[in-house]
Amino acid sequence: MFSNSLPQLWLYYAVLSLVVLGAGYFAIGFLPRILRWTIVGLVAGAIWMPWYFSSPASVDIESYSGIAPAIIVTALGLLAGHVKSALIGVVIGAVAGGWIAYYLVRRFGTSAARPKAGKKGKGSASAKRGSTSNANPRQDPSI
């Protein structure tokens, strides 16, 4: 199942992080939608932000280096005693993810609750009197 394939490792990370984000979204279901998506965006930005790392090797080569999720680099840096550089990546990713989620929810998430801008303000005399082209048909009360 696991091999030395780096793309396969990234695929596993992406799938597991989507599971974590989905579970987190449903776990905070009691919050309002805009706050819920902003929190999920913060977490998504923190766990998906790529960051450069360099780690000393113990054999022939001088060091390992590459790109990994900033949260993983921060966790390994915490164990090694140097956290600051990768922690900046986690904060940048979290802020960017939270801002993008907030913007998308404000832009597209609540459009059903808002009235259309084109219908408001077009006040012709026939529309004000209740023309039947835009209004619902009248229903008489029944007893």
Worked verdict on I72 versus F53 for side chain to side chain contact (heavy atoms under 4.5 Å, CB included): CA-CA 10 Å; I72 302 297; F53 76 95; over 6 Å; no

Hey, what do you get for CG (L87) to OG1 (T74), rounding to the nearest 0.5 Å?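 The distance works out to 5.5 Å.
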
Quick one: pull up CD1 in I71 and CG in L76 and give me the separation to the nearest 0.5 Å.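 Interatomic distance, I71 CD1 to L76 CG, rounded to 0.5 Å: 11.0 Å.
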
When clusters are formed by joining ILVMFWY residues with side-chain heavy atoms under 4.5 Å apart, either directly or through shared neighbours, do L9 and V15 land in the same one?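 Not linked; separate clusters.
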
Taking L18 as the starting point, is it possible to reach Y13 by hopping between hydrophobic residues whose side chains are less than 4.5 Å apart?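 Cluster IDs for Y13 and L18 match.
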
If you group Ile, Leu, Val, Met, Phe, Trp and Tyr whenever their side-chain heavy atoms sit less than 4.5 Å apart, what else falls in with V95?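 Taking Ile, Leu, Val, Met, Phe, Trp and Tyr as members, V95 shares its hydrophobic cluster with V91.
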
Partners meeting side-chain contact (heavy atoms from CB on, under 4.5 Å) with [X] (sequence neighbours left out):
{"X": "I39", "value": "I28, L31, L35"}
{"X": "I92", "value": "M49, I88"}
{"X": "A46", "value": "V90, A94"}

Option from L21, V105, V20 for which side-chain contact (heavy atoms from CB on, under 4.5 Å) with V40 holds: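 Answer to the side-chain contact (heavy atoms from CB on, under 4.5 Å) test with V40 among L21, V105, V20: L21.
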
Just to verify, what does Y25 make a ring pair (Phe, Tyr, Trp, His ring centres under 6.0 Å) with, not counting sequence neighbours?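 W37.
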
Without placing hydrogens or testing angles, list every side-chain donor-acceptor pair under 3.5 Å for residues 96-103, not counting sequence neighbours.
none

Of all heavy-atom pairs between P69 and W10, which one has the smallest distance, and what is that distance?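 That would be CD-CH2, 3.4 Å.
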
With side chains defined as the heavy atoms from C-beta onward, is the minimum distance between V43 and W48 less than 4.5 Å?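 When only atoms from C-beta onward are counted, W48 and V43 do not touch, as no gap falls below 4.5 Å.
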
